[in-house]
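Worksheet: one structure, shown below.
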There are 2 protein chains.
Amino acid sequence: MLTIGEFSRLSHLSVRTLRRYHDAALLEPAAVDPASGYRYYSVDQIPTAQVIQRLRELDVPLSDVQRILRSPDPDVRAALVSEHLQRLESELDRTRSAVATLRRLLQPAPPPIAVELRAVAATTVAAVEGDVDHGELLAWYAGAMAELTAATTEPTGAPGGLYDNELFEDGHGHALVHVPMRVPPRSGRVHPVTLPAVELAVATHAGAHDDIDVTYGELGAWVVANELAVAGPVRETYLVGPRDTPDPEEWRTEIGWPVFRLGPR
Amino acid sequence: MLTIGEFSRLSHLSVRTLRRYHDAALLEPAAVDPASGYRYYSVDQIPTAQVIQRLRELDVPLSDVQRILRSPDPDVRAALVSEHLQRLESELDRTRSAVATLRRLLQPAPPPIAVELRAVAATTVAAVEGDVDHGELLAWYAGAMAELTAATTEPTGAPGGLYDNELFEDGHGHALVHVPMRVPPRSGRVHPVTLPAVELAVATHAGAHDDIDVTYGELGAWVVANELAVAGPVRETYLVGPRDTPDPEEWRTEIGWPVFRLGPR
DNA sequence: TCTCCACCCTCCCCCGGGGGGAGGGTCCAC
DNA sequence: GTGGACCCTCCCCCCGGGGGAGGGTGGAGA
């Protein structure tokens, strides 16, 4: 039996951290003296301590570490771990995209953007919609768009999406992806929707979506500079996307912000 | 002039976060109504807001974001940013190593480890030592070992290191790297040291140091199982290292834990 | 057997970068 | 002029740790 200090030396976990893990029911000491409260550990617990340490280095939350440790089946364990590795992978994507945006933002003279004001009539579309968290938006988009394209034939235009401003302001909100069709089907999550007519300020984003927020910002600046105000969910139209060409440089996304003229003029 | 809500929609930063950035003097509103406290932003501030957002996605601390934004020279900016990218790179290394360790830890039946008890006589060495934070240990090691190898000729044995247990328990402590020599030189940080004689429990770790803590743990378990207790800084000896062969599989590191027998026997 | 000191305990506060929500003031369009 | 959307500040919570206070314990040497 080892005292907490000895166990700390052997496991390379700090005493404080070991106590925290005890409180979190992550790594219970093999024995606790009921009189003094002293924690005593067994050498068998060293590997467990090290597993915890490594998972923490991967930023696995303590609650998930607990789930991993509790599952006796090594296959389940491996699945949980690789799930987290996948999460890390997507983090890496996020990092890559942030770097790309920074490059564009920090370049000295960003080329001016072309913005067009366009009246859009009401449109009938096949749509998949839902309330989503901002973090899950990309994953949700992938699933929704896959279901949508599988269910649609003879689209009358490029696919698009509507995204509530709350998604970005509060981190969660309504999202809708759609494909315009004359007679939209109804199957699974896919159902017909009529998008209302709006006045749109439209800019076109070129390339991958890594730095699409920069275009958003420039469009927003234009909207404000032209004495307009935004109203309603932003509309994206995927003119050229990954389904058309694998080269991200060729992708084209229209960003349309519903606007109205400020004040009576 | 935009209210905070409008600016939030345009910049995709939450209202709360904008207020926090104001408090942190990161993104000051273009104007603040002294009567009502209302914040008013200018469209020119959208790019700044987006830079902050991206840097935060890279986990750059707000204080560093401030330093980056405050530096007018774009070269300095770029340098600060790439410094953080380098930090991310090393994080990635840490992740890779954690994955490697997990693989070794989660494999069903780890092969038993060979441990040897060895009396080591006092040794004269050329050494570089210092008090280091655990996080900086690897960087410190690289610098110290480089200085050391540059200053030594005719070593009488493999290089090694002594690492205080406090390094792992408290996150900072004393570290020493050395090369055994008959007549150690004195230049820069390099100076002669006589390592005291100790009784060592020695295990050999094979491969890169990614999962060296696993070997530490197994050695510790052996020490405890054999009724010994650890005393003093752990000693590593780099029998085969990156200076000998580029293949990490071939590397061999001796881990020696100073021990003494428990109780009078 | 006693004493001393290293060790252990719990408890509270702090960090950073956000979110939730309460309670109350302000702006503006109808 | 009034309602409701918007804005303000303030406090508490989250996570996973660290610092430190204040006090109890265990075992080695005297």
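In the text below, chain A, chain B and the rest are named by the order of the sequence lines, each starting its count at 1. Heavy atoms only: backbone and side chains are in, while hydrogens, waters and symmetry mates are out.
A salt bridge is absent between Arg104(B) and Asp210(B); no separation between the charged side-chain nitrogens and carboxylate oxygens falls under 4.0 Å. Using a 4.0 Å cut-off between a side-chain N of Lys or Arg and a carboxylate O of Asp or Glu, Asp64(B) and Arg56(B) do not qualify as a salt bridge. The pair Glu169(B)-Arg9(A) meets the salt-bridge criterion, with a side-chain N (NZ, NE, NH1 or NH2) lying under 4.0 Å from an Asp/Glu carboxylate O.
Partner of Ile68(B) under the side chain to side chain contact (heavy atoms under 4.5 Å, CB included) criterion, out of Ile52(B), Leu55(B), Val76(B): Leu55(B) alone. Across Val99(A), Thr101(A), Leu105(A), a single residue satisfies side chain to side chain contact (heavy atoms under 4.5 Å, CB included) together with Asp211(A), and that is Thr101(A).
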field: Under 4.0 Å protein heavy-atom contact, by nucleotide of nucleotides 10-21 of chain D - B base, S sugar-phosphate only
entry: ------SBBBB-
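Between the side chains of Glu166(A) and His174(A), not a single donor N or O lies within less than 3.5 Å of an accepting N or O.
Counting non-hydrogen atoms under 4.0 angstrom, Arg39(A) reaches the backbone sugars and phosphates but no base.
Between dT9(D) and Arg19(B), no contact under 4.0 Å exists linking OP1 or OP2 to a side-chain N or O.
In this entry the distance linking CE of Met1(B) with C1' of dC28(C) reads 19 Å, nearest Å. In this structure, the CD atom of Glu6(A) is 16 Å from the P atom of dA6(C), given to the nearest Å. Straight-line distance from the CD1 atom of Ile4(B) to the C1' atom of dC6(D): 11 Å, rounded to whole Å.
The ring pair (Phe, Tyr, Trp, His ring centres under 6.0 Å) check on Tyr40(A) picks up nothing, with sequence neighbours excluded. Legend: residues meeting ring pair (Phe, Tyr, Trp, His ring centres under 6.0 Å) with Tyr216(A), ordered by chain and number and at least two apart, are Trp257(A), His12(B).
No donor-acceptor distance shorter than 3.5 angstrom exists from the side chain of Ser8(A) to the backbone of Ile4(A), with no hydrogens or angles considered.
A stem is defined here as three or more consecutive Watson-Crick or G-U pairs, each with both distances under 3.5 Å; for DNA chain D these stems are C:1-30 with D:1-30.
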Close N or O pairs between protein and nucleotides 25-27 of chain C (under 3.5 Å):
unit_1, atom_1, unit_2, atom_2, d
dG25(C), N2, Tyr38(B), OH, 2.7
dT26(C), O4', Tyr38(B), OH, 3.0

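Residue pairs meeting the salt bridge (Lys or Arg N to Asp or Glu O under 4.0 Å) criterion with at least one partner in residues 18-41 of chain A, sequence neighbours excluded, do not occur; the list is empty.
The CG atom of Leu69(B) sits 10.5 Å away from atom CG of Leu80(B), with the distance rounded to the nearest 0.5 Å.
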